[in-house]
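Just below is one structure, and these are the notes that go with it.
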Amino acid sequence: MKTSNAILPALCCLLAFGLSGASAQDAAPADPGAPRFDRAVMDSCLEHARAQQDGGDPAACIGLASDKCMEEPGGFSTAGMANCLGQERFYWDARLNADYAKVMANAEAADAELKALDSAIPGQAPVLRQMQRDWIAYRDSSCLWEEAQWQGGTGGIVAASACAMRLTAQQALRLEQALQRDQ
């Protein structure tokens, strides 16, 4: 089957950005021969970073598992790299969504307390919601720009996947940090 030049980049972007709606648990590659992402690499790195006496940096874990995934057979192909980066993005996206829900619940509780006191202070929840919407738009446009710099080359798919994974990870860690402050 021949795929038109206009359809192929769109399909690759959908796969790279994971717009299929799959969850982090569903992130196993459809092709049994494709390189596999090991979430234990991420979990171990993050646990180690948090256990450091000097306040280890969880951001140092970003990209670690996708890099290991790319070392497997097939991992250095364009499809393999996009697969590995996409799977790590799924991992971070699941963390981001879980922490966002918790941060939102905390914000709504704080807003309810202020409302009970008849406070005129603006609520946190609407601002948090708008921040997240703005961040999603920023992530998406930033990663499209990264891809566009490749001028249609296949490296653009990998660049966009790496961008989406990195920015999603950074936002997940930001929300996690907000949760830790709230506790």
Side-chain angles (χ1 to χ4, degrees), residues 12-30 34-52 55-70 81-112 122-147 156-183:
C12 289
C13 284
L14 286 174
L15 291 172
F17 280 104
L19 298 178
S20 65
S23 69
Q25 290 79 17
D26 300 329
R36 293 195 53 87
F37 172 85
D38 184 0
R39 71 178 293 124
V41 171
M42 296 304 302
D43 292 338
S44 175
C45 182
L46 291 168
E47 183 179 316
H48 180 73
R50 287 188 198 97
Q52 295 297 306
D57 184 10
C61 299
I62 297 171
L64 184 65
S66 57
D67 286 349
K68 286 204 177 286
C69 177
M70 286 184 237
M81 287 187 270
N83 171 59
C84 293
L85 292 162
Q87 288 186 66
E88 184 167 336
R89 189 194 60 82
F90 278 128
Y91 173 89
W92 289 111
D93 196 51
R95 293 180 72 93
L96 183 150
N97 289 328
D99 288 345
Y100 175 78
K102 293 172 188 172
V103 172
M104 180 58 78
N106 290 346
E108 289 170 340
D111 290 353
Q124 293 179 39
V127 175
L128 173 63
R129 187 175 297 108
Q130 188 59 51
M131 180 274 302
Q132 190 65 9
R133 288 177 180 158
D134 292 345
W135 172 81
I136 290 168
Y138 167 78
R139 179 202 59 199
D140 293 349
S141 60
S142 292
C143 295
L144 284 173
W145 179 68
E146 295 254 350
E147 182 179 13
I157 295 164
V158 176
S161 296
C163 174
M165 182 274 296
R166 183 182 65 257
L167 293 179
T168 301
Q170 290 169 349
Q171 184 71 353
L173 292 174
R174 180 180 183 204
L175 292 173
E176 181 180 290
Q177 192 174 47
L179 263 181
Q180 291 170 354
R181 275 193 318 263
D182 289 348
Q183 294 174 356

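The shortest distance between side-chain heavy atoms of Leu96 and Gln132 falls below 4.5 Å.
In this structure, CD on Gln87 lies 11.5 Å from OG on Ser161, to the nearest 0.5 angstrom. Between the OG1 atom of Thr168 and the CD atom of Glu88 there is a distance of 10.0 Å, given to the nearest 0.5 Å. Atoms CD and CG, on Gln180 and Leu175 in that order, are 11.5 Å from each other to the nearest 0.5 Å. The distance from atom CG of Leu179 to atom CD of Glu176, rounded to the nearest 0.5 Å, is 7.5 Å. Once rounded to the nearest 0.5 Å, the distance linking SG of Cys163 with CG of Asp140 reads 9.0 Å. Going from atom CZ of Arg50 over to atom SG of Cys45 covers 9.5 Å, rounded to the nearest 0.5 Å.
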**OP:** Kindly indicate, with the supporting measurements, whether the criterion side chain to side chain contact (heavy atoms under 4.5 Å, CB included) is fulfilled by Leu85 and Phe37.
**Re:** CA-CA 9 Å; Leu85 292 162; Phe37 172 85; over 6 Å; no

**OP:** Mind running side chain to side chain donor-acceptor pair (under 3.5 Å) on Tyr91 and Asp43 for me, showing each step along the way?
**Re:** CA-CA 10 Å; Tyr91 173 89; Asp43 292 338; 2.6 Å; yes

Original post:
Would Cys61 and Met42 count as a side chain to side chain contact (heavy atoms under 4.5 Å, CB included) if you check the C-alpha gap in whole Å, the side-chain angles of each, and the deciding distance to 0.1 Å?
Top reply: CA-CA 7 Å; Cys61 299; Met42 296 304 302; 4.1 Å; yes

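Here the shortest heavy-atom pairing between Ala82 and Val158 reads N-CG2, 4.5 Å. Closest approach of Ala164 and Cys143 over heavy atoms only: N-SG, 3.1 Å. Pro58 and Leu46 make their closest contact through CB-CD2, 3.7 Å (heavy atoms, listed as atom of the first residue, atom of the second, distance).
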Indicate every side-chain donor-acceptor pair of residues 97-105 with a distance under 3.5 Å to a residue at least two apart or in another chain.
residue, atom, partner, partner atom, Å
Asn97, ND2, Asp93, O, 3.2
Asn97, ND2, Asp93, OD2, 3.4

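Remark: Gln170 pairs with Ile62, Arg166, Leu167 by the side-chain contact (heavy atoms from CB on, under 4.5 Å) rule, at least two apart or across chains.
At distances below 3.5 Å, at least one donor-acceptor pair connects side-chain atoms of Ser66 with backbone N or O atoms of Gly63. Panel note: side chain Ser141, backbone Tyr138; a donor-acceptor pair is recorded below 3.5 Å.
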